[in-house]
Amino acid sequence: MILKTIDWTIILGFFLLSLLIGLYASRKAGKSYAEFFLSGRNMPWWLLGISMVATTFSCDTPNLVTDIVRQNGVSGNWVWWAFLLTGMLTVFIYAKLWRRSKVLTDLEFYEVRYSGKMAAFLRGFRALYLGIFFNVLIMALVSLAMIKIGAVMLGWSPTRTLVIIMSITVIYSSLGGLRGVVLTDFFQFLIAMVGSIGAAVILINLPEVGGIKGLTSNPAIIPKLNLLPDFSNHEALVTLLILPLAVQWWSVWYPGSEPGGGGYIAQRMLSSKTERGAVKATLLFNIAHYGLRPWPWIIVALASLLVFPDLESLRLAFPNADPHFVQHDFAYPAMLTLLPKGFLGLVVASLIAAYMSSISTHLNWGASYVVHDFYKRFIDPAAKETKLVLLGRVTTVLLMGVTMIFALLLSNALQAFNIVLQIGAGTGLIFILRWFWWRINAFSEITAMAVSFLIAFYFQFVHPLTGLPELTNAAQLVTGVAITTIAWVTVTLFTKPADTGTLREFYRLVRPGGPGWKKVIREAAADNDPLEPVDKKGWNVPMGILSMVLGCLLVYSILFATGNWIYGKYTYAIILTFVAFFSGVLLIKFWQKTVN
């Protein structure tokens, strides 16, 4: 048994505190289903921002980063670092638009922006598709990491790990609603950060690693340290850098990184007190998620290459673990077994905290789709508040049960990540443009969703049986983006737009502005039904894009400055630190012009 009495005491104390927070939040959560799913739209921006960070910091995230670093080096992380562009676009352009929409979920948006039976169908179908199928897939991916942690750290079977930890999570999630989720997120995020930073500091000083100097000077590690791919390796350059920055960030839908915002990120923005609060919360999330958090995981991943240089060494070190689960992402929990007692318990608690924060958010988010966008909209529109809250709690429990089954079928974090990317390939652009181009309609979104899924299904299950040459993940992604985009644009141009009344009401509510609405504005004026000006400050999307660029410069400078400080490359570190400082000063000056 790796864990000692003090470790178990810390873990049990963490479980108890999480349950107490859920019980505390349950007093308000049961008042209405708007309170259960949006916490009364009265949450402070800093708490919502930290909740977003906590949700995206699941126990599978360090496993995924470890998988990437061991196979592709530090520069391999551009596969998710590139999503910062999406995040900053959401901060400075879309956050205020979501808050103005006043919807309860991002799926309700469909019947605000589009019209007719197809808009209703789109809302209902995506409620089940995203709320159940896709949501369960994401939770299963997260649970896969928890299974590996349970096998290494706790000596538990996959089933035992999921039953115990999921039971605690589902209790406080179903009791406290979004308020309970956000409050526990704050507590869990603090524990998770202390655990990950502390683990990196301790593990870097193992004799096998030799401290940061021993790590960064080791011949086996030096090729893995580059922050950018080798420009002479064209395949790596295209796959790891050019494709994510040129195509992936705007074209791919991925939970937590949706172009234009969506999912649980939209849920947090909709829960803020004001438009300004939505912007500040999302900005805090992006700075912390991309700029402050990755390095502790990267350090441990690099160190793992010296302690467990290959899969065979991992399997020899853990002979009782199911070989099916011992992949490169297994190295992160394997490294944690080398921590001293006491602190080991804190780190295990931090990983469980990371898992619970992500799962609780996905449970509440998925339940909001099922209850608000399917049950209340199509089955029982007159349902009482108490019934809807009860249904939300029951749905939360059922989602957790289905997730347990799916989690046992996965084996590798990076594999599942690529599958999710492929399913969303080509749909991202439509989520960006639908706010600013009146012509997009419900058929556009249905086409994008269907075509991207069919392409992903083909590459995953059909193509291997055809005997055709195998395509790389990058080639599959580009193919999916191209075909899906051509399909939905074509359908958009050959189908009717939303009706005139819906378009005008949407414009009045959200005030998106821009050349994409000129035809609607001109026709409204001709009908003596003039639309109000976009904003007191005018159309501020160009200023929002400038703020987006400065925000990306700020965060990437923080990210790379931190790396160079760690590597001991002080000249680069100082330059990048100054770049981060000045870009931050400019950002403060410009971003306020994007919000009233």
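Heavy atoms only: backbone and side chains are in, while hydrogens, waters and symmetry mates are out. For reference, positions follow the sequence shown, starting with 1.
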Report summary line: Separation between CD1 (Ile204) and CD1 (Ile299), nearest 0.5 Å, reads 5.5 Å
Query - Minimum heavy-atom distance between Met335 and Val300, given as atom pair plus value - result: CB-CG1, 3.9 Å
Requested in this report: Take Asp310 and Ser313, measure what side-chain hydrogen bond (donor to acceptor under 3.5 Å, both in side chains) needs, and give me the verdict at the end.
Outcome: CA-CA 6 Å; Asp310 52 34; Ser313 62; 3.1 Å; yes
Query raised in the report: Any side-chain heavy-atom pair from Met269 and Met52 closer than 4.5 angstrom?
Result: yes
Report task. Classify the angle between the aromatic ring planes of Trp365 and His362 as parallel (below 30°), tilted (30 to 60°) or perpendicular (above 60°). Result -> perpendicular
Query raised in the report: Does a sphere of radius 6.0 Å around OH in Tyr572 hold more than 12 heavy atoms from other residues, nucleotides or ligands, not counting ones at 6.0 Å or beyond?
Result: no
Query raised in the report: Less than 4.5 Å apart, any side-chain heavy atom of Leu227 and any of Val74?
Result: yes
Report task. Please name the pair of heavy atoms, one in Leu554 and one in Ala580, separated by the smallest distance, quoted to 0.1 Å. Result -> CD1-O, 3.1 Å
Query raised in the report: When rounded to the nearest 0.5 angstrom, what distance separates CD1 in Ile197 from CD1 in Ile202?
Result: 12.0 Å
**Report entry** Distance (rounded to the nearest 0.5 Å) between Ile191 CD1 and Ser196 OG
**Finding:** 12.0 Å
Query raised in the report: For Ile147, does its backbone N or O pair with a side-chain atom of Thr161 as donor and acceptor, under 3.5 Å?
Result: no
Requested in this report: Would you confirm whether Ser51, through its side chain, and Leu47, through its main-chain N or O, come within 3.5 Å as a donor-acceptor pair?
Outcome: no
Report task. Report the relative orientation of the aromatic rings in Trp80 and Trp297; use parallel for angles under 30°, tilted for 30 to 60°, perpendicular for over 60°. Result -> tilted
Query raised in the report: So, for Phe330 and Phe308, is the gap between ring centers shorter than 6.0 Å?
Result: no
Query - pair His328-Leu311: side-chain heavy atoms closer than 4.5 Å - result: yes
Report summary line: Nearest heavy-atom contact between Val69 and Lys224 is O-CD, 3.7 Å
Query raised in the report: Has the side chain of Arg70 got a donor or acceptor atom that lies under 3.5 Å from a matching backbone atom of Ala331?
Result: no
Query raised in the report: Of the options Leu391, Val397, Leu398, which is the one that meets Thr395 in a side chain to side chain contact (heavy atoms under 4.5 Å, CB included)?
Result: Leu391
Report task. Verify, without hydrogens or angle tests, whether Arg126 (side chain) and Leu107 (backbone) share a donor-acceptor contact under 3.5 angstrom. Result -> no
**Report entry** Check: Leu64 and Tyr332 side chains under 4.5 Å, non-hydrogen atoms
**Finding:** no
Query raised in the report: About how many Å separate OG of Ser368 and CG of Leu270, when rounded to the nearest 0.5 Å?
Result: 10.0 Å
Report summary line: Taken in chain and number order and not counting sequence neighbours, the residues that satisfy salt bridge (charged side-chain N to carboxylate O under 4.0 Å, His left out) with Lys213 are none
Requested in this report: Take the angle between the ring planes of Tyr567 and Trp295 and call it parallel below 30°, perpendicular above 60°, tilted in between.
Outcome: perpendicular
Query - Non-hydrogen atoms of Gly366 and Asn135 that approach each other most closely - result: CA-ND2, 3.5 Å
Report task. Measure the shortest side-chain to side-chain distance between Ser143 and Tyr355 over non-hydrogen atoms and say whether it is less than 4.5 angstrom. Result -> yes
Report summary line: Distance col, row Leu84:CG vs Trp249:CH2, nearest 0.5 angstrom, shows 10.5 Å
Query raised in the report: side chain to side chain contact (heavy atoms under 4.5 Å, CB included) between Thr216 and Ile221: does it pass, once the steps are laid out?
Result: CA-CA 6 Å; Thr216 56; Ile221 300 300; over 6 Å; no
Requested in this report: Can you see which heavy atom on Leu314 is nearest to which on Ala334, and at what distance?
Outcome: CD2-CB, 3.7 Å
Query - Parallel, tilted or perpendicular: rings of Phe560 and Trp81 (30°, 60°) - result: perpendicular
Report summary line: Test side chain to side chain contact (heavy atoms under 4.5 Å, CB included), reference Leu339, set Leu346, Val347, Asp7, Leu206, output is Val347
Requested in this report: Supply the atom-to-atom distance Ser304 OG to Leu338 CG, rounded to the nearest 0.5 angstrom.
Outcome: 10.5 Å
Query raised in the report: Are Met88 and Val555 close enough that some pair of their side-chain heavy atoms sits under 4.5 Å apart?
Result: yes
Report summary line: Closest non-hydrogen atoms of Ile10 and Ala349, given as atom of the first, atom of the second and distance, are CG2-CB, 4.4 Å
Requested in this report: State whether the side chain of Thr90 and the backbone N or O of Thr86 hold a donor-acceptor pair below 3.5 Å, judged by distance alone.
Outcome: yes
Report task. Apply side chain to side chain contact (heavy atoms under 4.5 Å, CB included) to the pair Phe189 and Arg293, showing each step before the final yes or no. Result -> CA-CA 11 Å; Phe189 174 69; Arg293 209 168 48 182; 4.2 Å; yes
Query - Derivation of the side chain to side chain contact (heavy atoms under 4.5 Å, CB included) call for Asp329 and Thr66 - result: CA-CA 6 Å; Asp329 56 347; Thr66 300; 5.6 Å; no
Query raised in the report: Under 3.5 Å, is there a donor-acceptor pair between the side chain of Asn286 and the main chain of Leu283?
Result: no
Report task. Flag the pair Arg268 / Trp98 as yes when at least one side-chain heavy-atom distance between them is below 4.5 Å, and no otherwise. Result -> no
Report task. List the steps and the verdict of side chain to side chain contact (heavy atoms under 4.5 Å, CB included) for Tyr129 and Tyr369. Result -> CA-CA 10 Å; Tyr129 174 69; Tyr369 282 2; over 6 Å; no
Report task. Compare all side-chain heavy atoms of Asn218 with those of Leu302 and state whether any distance is below 4.5 angstrom. Result -> no
